[in-house]
Amino acid sequence: MLTSEEIHPDNASNEAASEGSGAALRRLHRYDAVHEITRIETGRENGFLLRGARAGLAIVAAADGIVRLKLAQGKGAEPDLRTTPAIVREGIGESVRIGESVRSRESAASEEPAYTEDDGSWELHLAKLRVVVHKPSGRIEIYRGGSPSGSGDSAAQDSGPQAEAPPLLVLSAIEWTGKRRTTATIEGGEGSHYYGLGEKTGFLDKQGESFDMWNSDVYEPHVPDIDALYQSIPFLIHYRCGAPAAGLFLDDPGRTTFDMRSGGDRAILASENGNLDLYIVDGPDLKDVVKRYAALTGRPPMPPRWAIGFQQSRYSYMNQEELLTVARTMREKRIPCDVLYLDIHYMEEYKVFTWDTERFPDPRGMIAELAEMGFKVVPIVDPGVKKDPRYSVYAEGIRNGHFCTKLEGELFVGDVWPGPSAFTDYTDEAAARWWGDLHRFYIDDGIHGIWNDMNEPSVFGVPSKTMDVDVVHRNEGNPKTHGEWHNLYGMLMSKATYEGMARHLRGDRPFVLTRAGYAGIQRYAAVWTGDNRSYWEHMAMSIPMVLNLGLSGVAFAGPDIGGFSHHATGELLARWTQLGSLFPFCRNHSAIDTIHQEPWRFGERVEAICRDYLSLRYKLMPYLYSLFYEATATGLPIVRPLLLEYPEDRQVSNLCDQFLLGKDVLAAPVLRPGTPARSVYLPEGAWYDYWTGARHEGGRSILAETPLETMPIYVRAGAIIPEQSLALHANERPEGPLKLTVYSGGSGSFRLFEDDGRTFGYEQGAYRLREFVWAESGSERTLSAALLNDGHIGSGQPLELIVEGLERRPDSILLSGSGETADWTYDASLKRLSIALAIDGEFRLTVG
Ligand code: GLC
């Protein structure tokens, strides 16, 4: 425990925070900058090289709407334009992809680079952007829109900067001290908001904050002072209401800093490796920035449907009988659940790829019995391989040189759960493949999902808490020190795991969960936000954390519901389960020595609340599953800050005690104990209370009653929400028709995605995508269904169509396109129209 002595005057640094670290650094160190640019070199693939007095700066097109700035310090130096494993570069737009297939689709920008020059500046046209570089100062302004003529003829045009259009982004300086610390200063301007940065503490808007990117195992409480957690996603979004949004991806897997504090409205991005590899991502809308960034670093694959279900974990379920009892209790109590976790106690002496056969005498039998009940088992796999010559994994890894070493060849050994351990070098293809193939051990027992933990990597008992920075990763002949590539360690472990599982699961989609990651982690794993606590504050913080992860490409994320360490209470668990039931990743997990927090541990009332909200998740499965498809196809997040859908609304720029699931469902969780009512902000338009059907006008805050049983949920007028009847696990066939509720009073559409929920067939088109469109004009309302893709032989499930908020009984219901007729009833008191449709394909229904 720290005491007040920490703030003893003698301990204070001389750097006044108000002065700004930039100025202070300037005094302390030799400073250099990209300036005095004397020459431009063309002939570079996709762009240019600007030669300055002390540096070269490559400005190249990465894709349409994305320019890359890569620094080479020193006169005459050549920038290294190889990319890190974060980059995949898909085309922007809607597509389905997965794993390696994406690499064959690499697409660069479609515009030929061109430039003009005058006395004071160079004006580059590339990637459908215009980059103005001022000669003496090195200041860079980036404008939307490419070459005005589109001729691609260098130096032929003198378009001049279009002064009236505000720049997308202004970089006032690129500087470095003592070669190592390189900074880029972004002139955000007044009213700047900053989002993204993946998994960080604090609120949604990061203006006024400063964060480090250095994957860290943080067991201390996650508070605003903690500026680095398990994940590092160096992607920042700059937004000013009314101006185009821009993204900044600093692709450096070593230590970087994003400082939106010391420069006022500026953002100062720093890299500690003498590296500046900065991608600038065009909007103009926030959604475009997110989509382009996801195309650059990869969109998430479809998870198996079971992985979207509720998951129950504990550090640890200690033996076979305990795990089976949890499973049976879930089913007896009719609490929907798909996944049970095995934490480190399933292993013999914490050796990965082993079973403790005293605790788990018949893993295969147990997993088969659980599968019969509709459960999947996900075991934890940590990177540390116990140093024990009798242990085959260690012996094999040593024999084949798969582990991380120092340059001189000395094995790196660090302490983790199994004691002294070696760590696989996942940058080495043979080692990564070996690791992936080891997972046959689990697959043979019936396992389809793996939980990667401690993969920052976490190392006990050393001040750095991680691998020595002078370990060398072999990286296929382009070696990197651990200091340079630290933040990639966890992602490359999950990549090796995902790809190994995919190789051996005979066409089934694997599920990987990870604690550590870097930009692009979404291609391989879902992310949980690590060791939070059973604090109300941590529940509240999980919302902006998951929302910013979503804005940073990681759609499949969630916290430990109920909190990991400390002790949950019934009220906290009820509220956290309500919130978590609508998060993409939904898992209850708690630590050894804490009070058990399975849904039934706090009496019947809390159990019923957990059951009801988890059941809601399963009823909404068609909606949720389709949102996962949207993330796969476009990179858009599943849960969204209101800001993403209502960027012009100044009320929502930092709103993060509510969130949207997709674009149409708004949840307002209760985040403090003993809260009988809460204020809910409804954006413009009309909104329906999901529970009561009551209609509210938006553009204002309302007060919602919040007895313990209620988390307020609203649905946007015009929305179309598909629901199914309750199932106890995601692969149980729901009975009855698919319910489609249209909330009248606005227009809207929804794309319903269906496939087998299991295989990669959807990549080859084995899925069905139906688009439902609701349109209102005068007294006529139509619902049309179009088949955008018809590659899944579905069950031909009938539809139950509900129209909410219909003021009067319709005169007629006309159905065209199918030859079928429709049975309907109208309930005047509920203002609800119900229509049974025995059709499955395209149709058009007119409510007259
Ligand atoms: C770490 C993980 C936690 C896990 C524990 C034991 O603290 O974050 O989720 O339960 O290790 O494996």
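Below, all heavy atoms of this structure are taken into account, side chains as well, without hydrogens, waters or symmetry copies. Note that ligands are numbered from 1 as they come in the structure, with each ligand's atoms numbered from 1 the same way. Quick note: residue numbers are just sequence positions, from 1.
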| query | Under a 4.0 Å heavy-atom cut-off, what residues line ligand 1? | reply | Tyr315, Asp343, Ile344, Ile380, Trp417, Trp451, Asp453, Arg515, Trp528, Asp531, Phe564, His589
| said: For Tyr426 and Trp435, take the angle between the two ring planes, folded into 0 to 90°, and tell me which bin it lands in: parallel under 30, tilted 30 to 60, perpendicular over 60. | reply: perpendicular
| Aromatic plane relationship, Tyr315 with Trp417 - under 30° parallel, 30 to 60° tilted, over 60° perpendicular | tilted
| request: Run the ring-centre check on Phe423 versus Phe412 and record whether the distance is less than 6.0 Å. | output: yes
| Gln311 and Tyr341 side chains, donor-acceptor separation under 3.5 Å | yes
| query | Below 6.0 angstrom between ring centroids: does that apply to Phe235 and Tyr293? | reply | yes
| Does His538 use its side chain to pair, donor to acceptor, with the backbone of His222 at less than 3.5 Å? | yes
